[in-house]
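Below: one structure, written as structure tokens.
Sequence lines set the chain letters: A, B, ... in the order given, protein chains first and strands last, and positions in each chain run from 1.
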Protein chains: 2
Amino acid sequence: MATIKDVAKEAGVSVATVSRVLNGTDRVRSETVTAVQNAIEKLNYHPNFLGRTLRRLETMKILVVLPTISNQFYSRVIRGIQSVAMQQGYHVMLVTTENDPEAETEYIEMVRRRLLDGIIFLFSTLDCVQIANLAAECPVVVASETIPGLTGVSSVTINNRAAAHDAVQFLIENGNRRIAYLSAGRLYGSSFERYEGTVDALHQAGLTIDKRLLLDEGLTYKAGRRAARRLLEMNDLPDAVFSASDAAAIVLMHTLMEEGILAGRDISVMGFDNNSIAEYYNPALTTVAQPQLEIGQKAMELLLKNIRNPDSPVEQLLLPHQLVIRESVRLTGKAGN
Amino acid sequence: MATIKDVAKEAGVSVATVSRVLNGTDRVRSETVTAVQNAIEKLNYHPNFLGRTLRRLETMKILVVLPTISNQFYSRVIRGIQSVAMQQGYHVMLVTTENDPEAETEYIEMVRRRLLDGIIFLFSTLDCVQIANLAAECPVVVASETIPGLTGVSSVTINNRAAAHDAVQFLIENGNRRIAYLSAGRLYGSSFERYEGTVDALHQAGLTIDKRLLLDEGLTYKAGRRAARRLLEMNDLPDAVFSASDAAAIVLMHTLMEEGILAGRDISVMGFDNNSIAEYYNPALTTVAQPQLEIGQKAMELLLKNIRNPDSPVEQLLLPHQLVIRESVRLTGKAGN
DNA sequence: CCTTTTCATGTAATCGGTTACATTATTATC
DNA sequence: GATAATAATGTAACCGATTACATGAAAAGG
């Protein structure tokens with residue numbers, strides 16, 4: 001591995017001159033430039049970033065923490081992050097924690113230790129205190145997910161409570177009164193907010209939630225299967241299921257279908273996120289869409305502000321959600337109450 | 001940001017002693033250890049990795065290059081990579097190129113410049129010469145995807161040609177004679193190998209491929225839609241469609257269904273990869289499974305060998321594939337020829 | 001009590017770059 | 001032609017750590 005010294009020797013100049021040629025920071029005689037470039041070519045030299053970043057104390061790289069990449073939702077958020085990052089000369093590294101807190105702290109150390117310039121959490125196993133402490137030391141943005149009790153850290157989310165409220169209200173307006181809620185319990189802050197929104201909407205319609213219909217099975221495909229089995233074990237199916245993820249909703253529909261229960265005809269199913277598969281599943285899934293691309297873009301913009309000016313004000317953005325009506329919810333027009 | 005010097009001053013010792021305490025490399029008097037630890041605590045000091053890795057010339061981190069994370073297939077491969085990496089104290093960073101060659105070279109520079117210890121390609125826009133050159137400079141493994149003409153670089157894949165052969169032979173055995181092939185054309189090396197396997201199986205059965213039935217629409221959901229539309233525009237549907245991805249196969253089924261054509265009854269559809277959705281779609285998708293987890297594990301093991309001993313021999317592993325028979329292919333027992 | 005080991009710690013070189021400052025060569029000005 | 005201004009390049013300090021080597025103190029051996 002050739003170093004800058006080898007290049008300097010080869011070109012017959014000092015390392016400082018080589019550095020100047022590499023960075024274009026200072027004037028260098030054109031013949032010298034040529035000599036250096038020839039030496040670089042000859043030795044197949046690639047500057048070692050570590051030296052540079054050690055001196056400059058910036059890496060032009062940021063970290064994004066995901067729970068898992070098997071959730072389709074994140075791909076579009078990441079595309080949003082990447083589009084802004086690229087434009088500004090930053091690179092994006094992804095890291096999945098698979099819900100392993102130890103793995104997460106290991107990666108966070110990389111930011112603390114200045115191997116990366118900032119961090120965007122799309123999920124975290126850390127609590128609000130830990131995240132706030134981290135944010136005091138380095139640039140942090142939380143996006144798409146919420147951390148209960150977190151203040152003083154910039155974030156970009158939808159209003160999960162309002163979104164769930166709208167979704168459940170839509171179910172109620174279409175004649176569904178007994179509504180099950182399928183989510184990940186307390187693992188995700190957003191799940192809990194959606195729970196609150198669900199309760200809000202039920203209360204507003206004079207309904208109460210049946211504890212047996214709170215299905216804390218998770219957000220995965222498998223969670224949908226478990227939830228469906230639990231429902232089937234009860235004697236009376238609910239009118240509707242509101243799932244905090246599309247993946248779970250789809251497998252729930254699939255499992256109910258095996259028993260001849262068709263979503264959109266025999267039961268209503270509402271998802272969350274508007275993954276591509278929601279559109280293509282049969283029956284197509286009615287769901288709540290999040291502006292994934294925009295969430296990513298805004299998150300990166302906030303992070304850049306924070307990197308460039310550590311004293312930039314904290315911003316907590318709420319982006320608009322949208323109900324996407326397809327086939328899986330029975331439409332009875334104005335009904336119910 | 002406190003540095004090791006600050007800690008040394010605070011504790012009244014030299015930086016060397018602080019470093020020794022941090023790394024446990026040498027004996028230090030227990031009172032001194034305590035003093036240093038107190039100073040670290042007091043200053044909230046976190047060692048800067050750059051200094052360390054600059055000196056040690058290793059980062060304990062590797063890079064995985066993906067085309068996109070919206071493809072479910074990669075999540076399990078990555079889990080395999082991560083399981084081995086974690087065990088060995090390595091960290092995994094992911095990077096998506098979204099088919100952007102410029103982005104890819106930027107990330108590769110990070111490995112060249114020793115910011116990362118090695119690289120696993122699950123996809124690449126580079127050609128075999130470029131990858132071979134890179135491999136001459138730093139540890140490289142290619143996994144799950146193949147690069148046409150690549151030699152001298154370790155790799156882990158299935159035998160795509162044989163897998164496609166098996167899949168198509170199964171279609172033929174069940175009475176399908178006119179078979180369409182849906183793939184990404186030349187973008188992925190594996191797609192082409194699967195094409196060759198398809199042709200092999202057809203030839204073997206005395207059949208030839210209809211050029212109009214070569215659908216190079218891609219591997220995405222949208223590709224499935226486009227392919228279905230093209231088929232619908234023809235007057236005579238094929239007996240079967242063999243898709244190089246499950247995602248495309250599923251949307252193809254969905255689109256055909258809109259016209260009343262049901263996979264498993266009116267047409268046969270065979271996917272590739274065995275994504276979770278293949279099991280849960282309705283009708284469930286018959287597909288070819290790859291040992292994703294094992295591909296990831298083996299890839300990381302090969303990379304580690306290469307990192308630890310740059311002269312370790314090149315290995316090109318072929319792992320077994322498996323046909324997963326579900327509902328989307330009509331079963332007529334022994335038929336056809 | 002003197003010499004040899006062992007232990008604990010400090011000093012300074014080093015990793016691969018960047019950059020403030022110094023130095024020398026060249027050109028411009030009067 | 002002497003002086004001042006400018007351009008090109010070199011020297012060496014520096015970023016934040018690690019570590020070979022040096023040093024001095026304490027313990028062990030005779």
Q) Does the side-chain contact (heavy atoms from CB on, under 4.5 Å) test come out yes or no for A:I4 and A:S19, once each step is laid out? A) CA-CA 8 Å; A:I4 199 169; A:S19 176; 4.1 Å; yes

Q: Name every residue in residues 11-27 of chain B that has at least one heavy atom under 4.0 Å from any atom of DNA chain C, in order of residue number, or write none if there are no such residues.
A: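 Under 4.0 Å from DNA chain C: B:G12, B:V13, B:S14, B:A16, B:T17, B:R20, B:R27.
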
Q: Find the bend of the helix from C:dC1-D:dG30 to C:dC30-D:dG1 as the angle between its two terminal axes (five pairs each), to the nearest 10°.
A: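 Taking five pairs per end, the axes differ by 50°.
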
Q: Determine, stepwise, if the pair B:T220 / B:T68 fulfils side-chain contact (heavy atoms from CB on, under 4.5 Å).
A: CA-CA 11 Å; B:T220 61; B:T68 165; over 6 Å; no

Q: Mind running side-chain contact (heavy atoms from CB on, under 4.5 Å) on B:V21 and B:V13 for me, showing each step along the way?
A: CA-CA 11 Å; B:V21 171; B:V13 298; over 6 Å; no

Q. How many angstroms lie between atom CD1 of A:I131 and atom OG of A:S155, to the nearest 0.5 angstrom?
A.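 The distance works out to 10.5 Å.
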
**Q.** Spatial distance of atom CD (A:E104) from atom CG (A:L66) [nearest 0.5 Å]
**A.**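 A:E104 CD to A:L66 CG: 10.5 Å, rounded to 0.5 Å.
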
Please tabulate, for side-chain N and O atoms in residues 293-305 of chain A, each donor-acceptor pair with protein atoms closer than 3.5 Å (sequence neighbours left out).
residue: A:K305; atom: NZ; partner: A:E315; partner atom: OE2; Å: 2.8

Q. Taking any atom under 4.0 angstrom from a heavy atom of chain B, which nucleotides of DNA chain C are the first and last to qualify, 5' to 3'?
A.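 Reading along DNA chain C, I get C:dC7 to C:dG16.
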
Q.
Holding to salt bridge (Lys or Arg N to Asp or Glu O under 4.0 Å), I want the full list of residues that pass it with A:E41, two or more places apart in sequence or in another chain.
A.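 For A:E41 there are no salt bridge (Lys or Arg N to Asp or Glu O under 4.0 Å) partners, ignoring immediate neighbours.
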
Q: Could you name each residue pair satisfying side chain to side chain donor-acceptor pair (under 3.5 Å) that touches residues 138-147 of chain A, not counting sequence neighbours?
A: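 Side chain to side chain donor-acceptor pair (under 3.5 Å) check on residues 138-147 of chain A returns A:E145-A:S190, A:T146-A:E193.
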
Q. Is the backbone of A:T3 close enough, under 3.5 Å, to the side chain of A:D6 for a donor and an acceptor to pair up by distance?
A.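 A pair under 3.5 Å: yes.
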
Q: Please report the closest heavy-atom contact between A:P67 and A:L122, naming both atoms and the distance.
A: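 Where A:P67 meets A:L122 most closely, the heavy atoms are CD-O, 4.5 Å.
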
(Q) Please tell me if B:K5 has a side-chain N or O lying less than 4.0 Å from either OP1 or OP2 of D:dC15. (A)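 So the side chain of B:K5 is within the cut-off, an N or O lying under 4.0 Å from OP1 or OP2 of D:dC15.
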
